[in-house]
There are 2 protein chains.
Amino acid sequence: MNKKKITVKELAQQLGVSISTVSKALNDSYEISEVTKQRIRKHAEKHNYKPNRLAVNLKSGKTRTIGVILPSILNNFFTTVLYGIEQVTNKRDYNIITCISNESHDNEVTNTEILSNGSTDGLIVAIAEETQINRNYGHFQECIDEGNPVLMLDRVTKSISCDKVIVDDFNDAFLATEHLVNLGCKKLALVSTIEFLGVGKKRVKGFKKAVSELLGDEHPELVLETSLKKLQLQIENLLDDHKIDGVLAVDEDASLVVHKVSKSKGFKIPNDIAIIGYAGKKLAKYISPSLTTVNQNGVKIGRAAARILIDRLEGKKTDFVTKIIATNIVKRGSTFKID
Amino acid sequence: MNKKKITVKELAQQLGVSISTVSKALNDSYEISEVTKQRIRKHAEKHNYKPNRLAVNLKSGKTRTIGVILPSILNNFFTTVLYGIEQVTNKRDYNIITCISNESHDNEVTNTEILSNGSTDGLIVAIAEETQINRNYGHFQECIDEGNPVLMLDRVTKSISCDKVIVDDFNDAFLATEHLVNLGCKKLALVSTIEFLGVGKKRVKGFKKAVSELLGDEHPELVLETSLKKLQLQIENLLDDHKIDGVLAVDEDASLVVHKVSKSKGFKIPNDIAIIGYAGKKLAKYISPSLTTVNQNGVKIGRAAARILIDRLEGKKTDFVTKIIATNIVKRGSTFKID
DNA sequence: TTGAAAGCGCTAACAC
DNA sequence: GTGTTAGCGCTTTCAA
């Protein structure tokens, strides 16, 4: 509490020079003589001078700060994305200010407004579920119109023209389904608790396409779209009522519950029922049998997002880009059939 | 890019009044007549005026922003803490700006400096491993001296006087060990990959105390402190060389590997070997048998931290507090012995 | 080589 | 009830 931050003004007074001389000296301006620079720098150092960011930012109109709005942080995928963003922003000398929308539209709007009122140079956003349901993207458009670039990742919308970083959910689900078919599965089901999300819809489409193309009409697919609360019961019913031998679970909760229920019903995984899910690495690796997953590469998504947005902020981009990050299927125990 | 943010100045010009009148009207000052207020507000609304935060902050000397420096975000515990912090800051109308030290001292110093140069009103910190090893806490002291309150959570140090939020690691480990003893375990081992952290040391102490008090000298405890790389091998050796029937694993990696190795060696959990670990809820719940854990209550820690720091920022606190958050043992399959 | 002064966008004490 | 003005801490043009 004692040695309050020192300002340029105070430095100037103490040294008996003008404010601007101090400022220039500290910014290594060619206008100032080496002697003066040394003197000023030494004094500044001694008093542990650090420029006030707020003032610098206000003056320059730049903040070197990126706002990040995520629907949730208790979700392995978004955590991983955040990690990726942080790696790049850190390296390129930017800060991130993080907000959680908690899947709520109102929160998202508030966050967007706060962050775009001078605190940040641009936003990285994964759209909240509620926003995707009511399709109200005005706050983002406004933000962009005001000169604050927005980049959307994973959960994006066609309604807004901006940079985007996504994975090819349709194709990933197709490939995952194909993997199940190649294993010899005939009776496939998809389980989802994210039917309202764009990514959820795309995964369903990819799944359906794969089933109809690869298995044909005599093996119609089953799609269970449900909520977290009904999940367990519905899966129990699903497994009771149909002789399912392969499941694509398109989110972490669905994956875990399918896995658990299958075991508790005495089905052997993968011989009775093969499972491909979406889940964090540790979880996938340590449940038994371990779970084959579609690896969404959150870190890469985050990195790409930060890179693209910073490039735009620094004027290295003109046209909007949509970057598709490659995913891969990590094969684990839940699809290693023993013939 | 078209409708650049409008400023008070512009509003004033357009309305033919002075800047201060606009400012006062928008801040609902008693000095301004209702008529004028209405007129100004309406106009501001129409042009979607939002005050520039940077300017407001610079002027007021407050930012309503809290800096959060965490060692890692890919760690369930800290993610949970962050979630708790966010809940409170959000409710109390504060923002958080998040930085990851990645357990590096240099990163931590840089982050501390950046965040304390006007961008934030105060800091919430969990000390990086490297910092705890070399015990160099000068950057925090400096920050505090400059009038930026710091709150430490989980990983704290006696060297700095400030608010702290912790769990009673000594006691928790003691109770966890007691639980193992009550189960009838005689040959106990502790496994850790966090020997350098204060919390790691305390857990070891609690464990040792419990063993010597509850089992006595004829059952000496085993302590395996190792690194992530050697973890698996060392645990295999441990289980091969000693007839261990109870393990306390004091971090997530240790917990998972002990669990896995025990199973792969054919030991029945919990009958041959009972395990208590530290791990995220989902992980603990879905591995099988499910894992009894010491629940560190990250959300509560985060909430308490944010609450205490904000109270201090708002002058509602004088003396430094050290808040101890209660933990509990969540009993799951890995300690449900069948007699 | 140095300094005076304006201004980033806003607030507030003090005049009028 | 409204306006003038100074100033938060800094950068930068322009003048000396």
Side-chain angles (χ1 to χ4, degrees), chain A residues 4-41 43-44 47-65 113-114 116-121 146-148, chain B residues 4-41 43-44 47-65 113-114 116-121 146-148:
Chain A
K4 263 280 175 219
K5 301 201 86 56
I6 196 167
T7 67
V8 207
K9 197 180 183 179
E10 290 160 338
L11 286 177
Q13 282 167 348
Q14 292 166 13
L15 289 162
V17 294
S18 80
I19 294 179
S20 56
T21 305
V22 174
S23 172
K24 285 172 186 166
L26 294 174
N27 288 311
D28 201 20
S29 161
Y30 65 96
E31 298 177 78
I32 307 296
S33 73
E34 265 312 313
V35 214
T36 321
K37 278 187 192 169
Q38 288 304 339
R39 202 165 71 93
I40 294 178
R41 276 195 206 129
H43 191 77
H47 289 266
N48 198 24
Y49 169 78
K50 300 273 164 50
N52 179 315
R53 277 209 135 208
L54 242 40
V56 176
N57 292 343
L58 178 60
K59 183 70 190 162
S60 69
K62 298 261 160 279
T63 62
R64 292 196 83 81
T65 300
E113 283 180 355
I114 292 175
S116 65
N117 283 324
S119 319
T120 64
D121 295 343
E146 286 169 356
N148 256 287
Chain B
K4 264 275 172 223
K5 302 199 85 57
I6 197 168
T7 66
V8 208
K9 199 181 183 178
E10 289 162 337
L11 286 177
Q13 282 166 348
Q14 292 166 14
L15 288 162
V17 294
S18 80
I19 294 180
S20 60
T21 306
V22 174
S23 172
K24 286 172 186 166
L26 293 174
N27 288 313
D28 202 20
S29 160
Y30 65 96
E31 298 177 78
I32 308 294
S33 74
E34 266 313 312
V35 214
T36 323
K37 277 187 192 169
Q38 287 305 336
R39 202 165 70 93
I40 294 179
R41 275 193 207 133
H43 191 78
H47 289 268
N48 199 23
Y49 169 80
K50 301 275 163 48
N52 179 314
R53 276 208 135 210
L54 243 40
V56 176
N57 291 344
L58 178 60
K59 182 67 189 165
S60 69
K62 297 262 161 278
T63 63
R64 292 195 83 82
T65 300
E113 283 179 355
I114 292 176
S116 65
N117 283 324
S119 318
T120 64
D121 294 343
E146 286 167 359
N148 255 286

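Residue numbers begin at 1 in each chain, while the letters A, B, ... track the order of the sequences.
- Here A:Asn27 reaches the OP1 or OP2 of D:dT11: one of its side-chain N or O atoms lies under 4.0 Å away.
- Position along DNA chain D of the nearest nucleotide to B:Thr21 versus B:Leu58 favours B:Thr21 as the more 5'-ward residue.
- For A:Lys24, the listed nucleotide lying nearest its side chain is C:dA4; candidates were C:dA4, C:dC10, C:dT1.
- Between the P atom of C:dT2 and the CD atom of A:Gln38 lies a distance of 13 Å, rounded to the nearest Å.
- For the pair B:Ser60 and D:dC8, the criterion of a side-chain N or O lying under 4.0 Å from OP1 or OP2 is not met.
- For D:dG1, neither phosphate oxygen OP1 nor OP2 lies less than 4.0 angstrom from any side-chain nitrogen or oxygen of B:Ser33.
- Applying the 4.0 Å criterion to OP1 and OP2 of D:dC10, one finds that A:Tyr49 has a side-chain N or O inside that range.
- Between A:Lys37 and B:Ser20, the residue whose closest nucleotide on DNA chain C is further toward the 5' end is A:Lys37.
- Atoms CD (A:Gln13) and P (C:dA4) sit 12 Å apart, rounded to a whole Å.
- We find that CG of A:Asn57 is positioned 12 Å from C1' of D:dT11, with the value rounded to whole Å.
- Map B:Gly16 and A:Ser23 each onto its nearest nucleotide of DNA chain D; the residue landing nearer the 5' end is B:Gly16.
- What separates CG of A:Asn52 from C1' of D:dC8 is a distance of 9 Å, to the nearest Å.
- As rounded to whole Å, 7 Å separates atom P of C:dG7 from atom NZ of B:Lys9.
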